[in-house]
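Since the structure comes first, as structure tokens, the remarks are kept for the end.
Sequence lines set the chain letters: A, B, ... in the order given, protein chains first and strands last, and positions in each chain run from 1. The figures that follow rest on heavy atoms only: side chains count, while hydrogens, waters and symmetry mates do not.
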Amino acid sequence: MLYGGIDIGAQSVKAVVFDGEKIIGNKSAVTEKEADAAAKEVFEDLLTDLQYQAQDVGKVFATGCGAGEVSFAVRKSSEQICAARGARWLVPTARTVVDLGAEGCRVMKLGPKGTMEDFANNVKCASGTGSSIELGAVYLKVPVDQMGPLSITADGVAEISSTCAVFAESVIISHIHNGESRERIAAGIHRAVATRVIELIGRVGLVGDAVIVGGAAMNSGLVKALEEMTGVSFRVPENPRTAIALGAAIQAFLKRDGGRNRKPFNR
Amino acid sequence: MKDTMHVAGIDIGSATSKAVILNNHKVMSTTIIETGPESQGSAESVMDETLRKSDLRLEDMKYIIATGYGRINVPFAAEVITEIACHAKGVHFLFPRARTILDMGGQDCKAIRIDDGGNHVAFSMNDKCAAGTGRFLEIMAGLLKVPIDEIGPLSLQATEETKISNICTVFAKSEVSRYLRRGVSKANIFGGLHAATADRVYGLLKRIGIDADFVISGGIAKNIGVVKRVEAKVDMHAYISEEPQYIGALGAALLAIERTSRT
Amino acid sequence: MGEQQKAATKGSRKTLEMARNTWKFIRQDYGEGHEHKNAGKPVVWSCALVEKELYYSMGLFPYYPEQFASLCAVRRKTKDSEKEAVRFARYAEQAGYSTDLCGYERVCTGYVVNGDLSDAPLGGMAPPDMLVTTSSVCDVRLKWFEDMAQRLQVPLFTLDRPEQVFEDIMGHPKPHEILYYRSQLEDFLSFTTEVTGNKFDQDRLNECMDWAYKTNELRLEILELRKNVPSPMGSADSFATMYPGMYCSGTERAYEFYKALRDEVRAKVKAGKGQIPNERFRLLWFGIPIWFNMSIFNYFEPVGGVFAYEPNYNPVPSPPRNTADPLTEMAIRTLSIGTSMGSRIRAVLEQCTEYNIVGGVLAYLITCRPYYLPVLELARVLKKELGVPSVFIESDLVDERSYSEAQVRTRMDAFSEMILKKMETEAACQTG
Amino acid sequence: MDKIFAKYAADRHDAVRKWKQKTGKRVYGYFCCMTPEEILYAADILPVRITGTGEPLEHADAYIQSNACAFARSCLDAGLRGLYDYLDGVVVPNSCDIIFSMEYFWRALVPRPTKPALIAGVDIKPYVHYINYPEKIIGREVLPYYLEILKGFKQELERSLNRSIPDADIERAISVYNEDKAQIRRMYEMRRSDPPALSGHDAWQIVYAGLLMPKDEHAALLKNYLDDLQSDGQTAPEGVRIYLSGSAMDLVNAGIYQIIEDSGGQVVSDDLCVGTRAFWYNLKQVVPPLEAIARRSLGTACPRSTVTTAIPENRWTHIVNTTQNFNIDAAIFYVLKCCDARLAEFPHLRNKFREELGIPVLFLEGDYTVEGLEQMRGRVEAFIEMIEG
Ligand SMILES: Nc1ncnc2c1ncn2[C@@H]1O[C@H](COP(=O)(O)OP(=O)(O)O)[C@@H](O)[C@H]1O
Ligand SMILES: Nc1ncnc2c1ncn2[C@@H]1O[C@H](COP(=O)(O)OP(=O)(O)O)[C@@H](O)[C@H]1O
Ligand code: SF4
Ligand code: SF4
Ligand code: SF4
């Protein structure tokens, strides 16, 4: 039997197919469609790639901000649990999990056996999320996937003091005007985001092996900033962006018989 | 007094740079350009352009005052003065009976109270968040692919103002995308965005107390959607000059005249 | 707004010799506390509003976490590291304390959470044998000390000081209030005996109260002198010299300090010397200073503006000495001060007239309720009743992360433009 | 049946105006559960709790900084807008810094319907009555001191009403209040079962309505309601058993109950002033009535009180008892932004919950808006899912 996980993010839709022991396939796509249609499209594409039919898949769980709208998912599960499950599956010793997406940053603390014990996430303000980096990339005129490589080569850091993701623009512009190199500015952007992430990490406490997942985990510059500032190394699993969808698929597998829930989600 | 006395006011805002040259209270020429990444460069180009239009040289300027958030980066200015004083002065010149000013630009929004001499006697400013500023609307206009000068009129066609629950510009952006995908009309979305902006600025106005006459200046004054909604909230007509974006630069130039006539 | 520069941390330019001396005083105090502790004598950590004579008469050496936090606001561990206040505040936030909580609390709690009490400026506060706080003025100091006492596992004593609603800043406490407060002062004495073994000696207390009384008289005299034009001693000097009066009141050295200060101020008045050579307008500072940027007090000097008055930390007249029952005297002294918003606003209004204030700079301390609650109303009343305009400065008192230099500058610039213009028009009216 | 309570709460202002018209009696507003309501009730006054509206502020922003707790600002705004113009008096206890400031704000700014009566500069018919409730709840002189305060309050009231309030009337009021408390306690008992007899939101609504309506009426209605509920044997949906702790809980904040229930949780007990804190403590009827009132408030497990430990003994015992009796799975702390006392005690309390009770804790910092509540949904869902495992 196969299990599906869908993660509807603020930016991209991710899908994973899982058989209870291994990942059969995963896919992520940036789409403009409505949650349900987007989920369908990505999931069907993935099945086609894998040469499976819809009926081969048992339960599908959805997570993310549009999870309630995915019609073919039997249940939704929270991003925190899914990120924790996915990361733990990818890195079996994981104790601290950071999930950094486009608009959300979540930090989960896991117990020795992998159960989630605590979590913290950003509230109301987008500074300290992937969008901050994207906005920065726009001003620096580089594609977002180049931000990491660019900042890694910096010989120092141009500090971005503004807390607002939008207003950081003017600080970045004045740095450019002051002749700061793009490398140093990129490093500054990563540091500013990392500072926010570390605040959240601090709320749950940094224990054991740390793992980072979500789209921004693909950004080596950010990971470097996090490592430098915490003195701890962060593991980046393969395909970090789909780790949350993987978690949803694992949830679908774990709850294949209904699970221990007192009450099904009704939304 | 000599028959010609040229002065200039220059306003380097976060979005646009403006310059005004006056000859004894008569406007000789004005220019507005986008503020580039370099405040100093923008200051030089906007000044050059304005000088060129009235066929003058920098040396002809008796006094230059700079204002705006990039005011310290204007090497040729004799003095820097805050936007607040300049807007107060500029508005007073155009609307002598004005007592309350709402100045909304790209990044900041200020409510200013002035006395009968055009001096500011109280003011309040937005906090360190982009929610509800000109930049906020610009980002949304970009997202919905509507030219900035059309968003105001469009918002007035709203049949129902979509409630925007996120104050964060970034979050509001994706909230708006979701509405869009659900088929909510752009007019309704802009209705909601403008209402949210008006709510926030109304808070600033209330802090200083609102008295007639009421004037809106800065780039946002060109946005009828915000203007109408603020008018409804304060329950007063808002006076708006033809070129509201120049008011800061105009005020700076007027202050330059005061400086030269004093000596 | 827009571009946000890093907060420039500068001290204020002080005009008085004695103000420059306070630093020595503080450093010496911190050292003495450690010696005291090493000699096996008891140390207390106290909220700044508790009557200090109690400590000196009971042989306790007091440290004041509020004062410690302000010290952390200006010190760094190494040249390149962040301010100690920011470091400690971070520890507290990570332990779950809200960023909206008072900076003093976050800094001290972070310092305690960190575990190593000597890992701090001046070697930190010596480890306490007991904690003492009061319910007065804000809820935070109550909860904060309770929390620290639990974390440090030391006994805590709380003085419940009824909030006084008076017409004015001073009023007459009711008999049951005096009895209630006095009973707690007594309880404090027996509590201290229980914790430290030190016995209460009324003569000793009377001696301390004598010093405190005389010191208070001197400080009142200084306040009176400060009304002179030009202002001989401004808010920067006053904040710089409040340490002995606030924290060492009841000692001879505090008395000596203010005697010297009084003499210095008096001499300046006699010589007609002000804080700056050409004083043009006088300002009110309302609120606790923003400790990491004291240079704000010099901000208006280039245009002739001086801070002439601040309601904080200033003395009020004491009731006459009552050597037969010093505890009742102390209760009356404490309870004669109004703490309600009405009382505080009234008091500021009166003083503004006496000090010839033409503008108010109101520190809207975003994390401190007693100071952010009244500012808007104070500004309104100042304007309405005295025609005095105000400007707000938003910040935490010790945590510079909440401070935006560029924003503050724009506001202060606009404010001074406003005042100068107003003066100009008024002058024109008078001559014209 | 419980619709009555919901309706009363929703139309509270109209309901009270009608009551006033019908009975010709006075209505006083108050801010905190430490108000000696029984004294007011004995004087034929209906005490109603002042709460906010959740609507955008119209006037309060001009007088009170936006940092202050949004609940209190909303209350003041409601006052300034005249929503409470039917009040004949307002009682402000010293329950927190912000409420204390209402003594000034309400007195100086809210238009009062009654005229002051000045004698030698003293208003003998004050509109705002201040109660200097001690923060220390044990200590040699606390009780006599508080008794004096209550006496003073009673005298002030007598003066301004121009009538006396005999002890016998206060005793009668106490028994009316005790009966109501007994019914509420019975209702809480019915939530101990799994699933509980009624949902957290319904229970809250009942307690809340009780703060706004005459207590005898409330007690009678509640008794009927609970009788029916018992015979029906109906239950609320099953869910993770939640203990809710937090700041002021009025119509706006109460949205949190719905969010918890939507996410698969069920609030079964609480540490709230519109909750256990308001009724847990019966008034003894054997001591003089003012003393009974004083002892009740000094015994109440309120976060603003102090007895030298971070969590006062009585409060912690109360917490331990309720969490155990009600079989709590998890605790949610919903604290309003800038509610300093609660924010400051939270970390310590959280550690104690986790370490001593083994109860996981979710912390939510509320801003007193519906949108703010919505933004918490995701976290509540994640938390409840975490408990479900
Ligand atoms: N190729 C890439 N290299 C580095 N960072 C990336 C890359 N692609 C996306 N990101 C970052 O990841 C974020 C999106 O993460 P994602 O997990 O897809 O978000 P969500 O789940 O919220 O849709 C972007 O904001 C961007 O910062
Ligand atoms: N034609 C227009 N219609 C509507 N809005 C406009 C128009 N032109 C400018 N704006 C608004 O004005 C803002 C810029 O105002 P401006 O006063 O130039 O800012 P600043 O002084 O900060 O540079 C923009 O962010 C935009 O929202
Ligand atoms: S500060 Fe900036 S990033 Fe944060 S909420 Fe405001 S607009 Fe969004
Ligand atoms: S909140 Fe204000 S008054 Fe209270 S301890 Fe902090 S600084 Fe002092
Ligand atoms: S919610 Fe907190 S801060 Fe607000 S009034 Fe109540 S106790 Fe005070």
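For chain D, no part of Val113(C) is nearby; none of its heavy atoms comes within less than 4.5 Å. If you measure heavy-atom distances from Asp61(D) to chain C, the contacts under 4.5 Å come from the backbone alone. Neither the backbone nor the side chain of Leu378(C) comes within less than 4.5 Å of any heavy atom in chain D. Both the backbone and the side chain of Glu177(C) come within less than 4.5 Å of a heavy atom of chain D. For Leu142(C), the part lying under 4.5 angstrom from a heavy atom of chain D is the side chain only. Using a 4.5 Å cut-off between heavy atoms, Leu373(C) contacts chain D through both its backbone and its side chain. Interface residue Glu135(D): backbone and side-chain heavy atoms are both found under 4.5 Å from chain C. With a 4.5 Å cut-off on non-hydrogen atoms, Phe363(D) does not touch chain C at all. Using a 4.5 Å cut-off between heavy atoms, Pro144(D) does not touch chain C at all. For Arg151(C), the part lying under 4.5 angstrom from a heavy atom of chain D is the side chain only. Neither the backbone nor the side chain of Val335(D) comes within less than 4.5 Å of any heavy atom in chain C. Only the side chain of Asn94(D) comes within less than 4.5 Å of a heavy atom in chain C; its backbone stays farther off. Neither the backbone nor the side chain of Leu147(D) comes within contact range of chain C, judged by heavy atoms closer than 4.5 Å.
Proximity of Asn132(D) to Gln164(C): side-chain heavy atoms (C-beta onward) are separated by under 4.5 Å at one or more points.
Ser66(D) contributes atom OG, which lies 4.0 Å from atom OH of Tyr364(C) (distance to the nearest 0.5 angstrom). Between Cys138(C) atom SG and Phe100(D) atom CZ the span is 12.5 Å, to the nearest 0.5 Å. Going from atom NZ of Lys136(D) over to atom OG1 of Thr134(C) covers 9.5 Å, rounded to the nearest 0.5 Å. Rounding to the nearest 0.5 angstrom, the gap separating the OG1 atom in Thr99(C) from the NZ atom in Lys337(D) is 6.5 Å. Taking CD from Glu365(D) and CG from Asp100(C), the interatomic distance works out to 5.0 Å, rounded to the nearest 0.5 Å. The OH atom of Tyr180(C) sits 13.5 Å away from the CD atom of Glu148(D) when rounded to the nearest 0.5 Å.
Contact detail for Cys338(D) and Arg369(C): the closest heavy-atom pair is O-NH2, 2.8 Å. Nearest heavy atoms, Ala344(D) versus Tyr97(C): O-CE2, 3.7 Å. The minimum heavy-atom distance linking Ser101(D) with Met341(C) is given by the pair CB-SD, 3.7 Å. For Glu103(D) against Ser340(C), the heavy-atom pair with the smallest separation is OE1-CB, 3.9 Å.
For the pair Arg380(C) (side chain) and Tyr63(D) (backbone), a donor-acceptor distance under 3.5 Å is absent. Distance alone, capped at 3.5 Å, places no donor-acceptor pair between the Lys143(C) side chain and the Asp340(D) backbone. Side-chain N or O atoms of Asp139(C) include none that pairs as donor or acceptor with a backbone N or O of Cys96(D) at under 3.5 Å.
Counting only N and O atoms by type, the side chains of Glu377(C) and Tyr104(D) include a donor and acceptor under 3.5 Å apart. Checking Tyr145(D) against Asp160(C) by side-chain atom types alone, no donor-acceptor pair falls below 3.5 Å.
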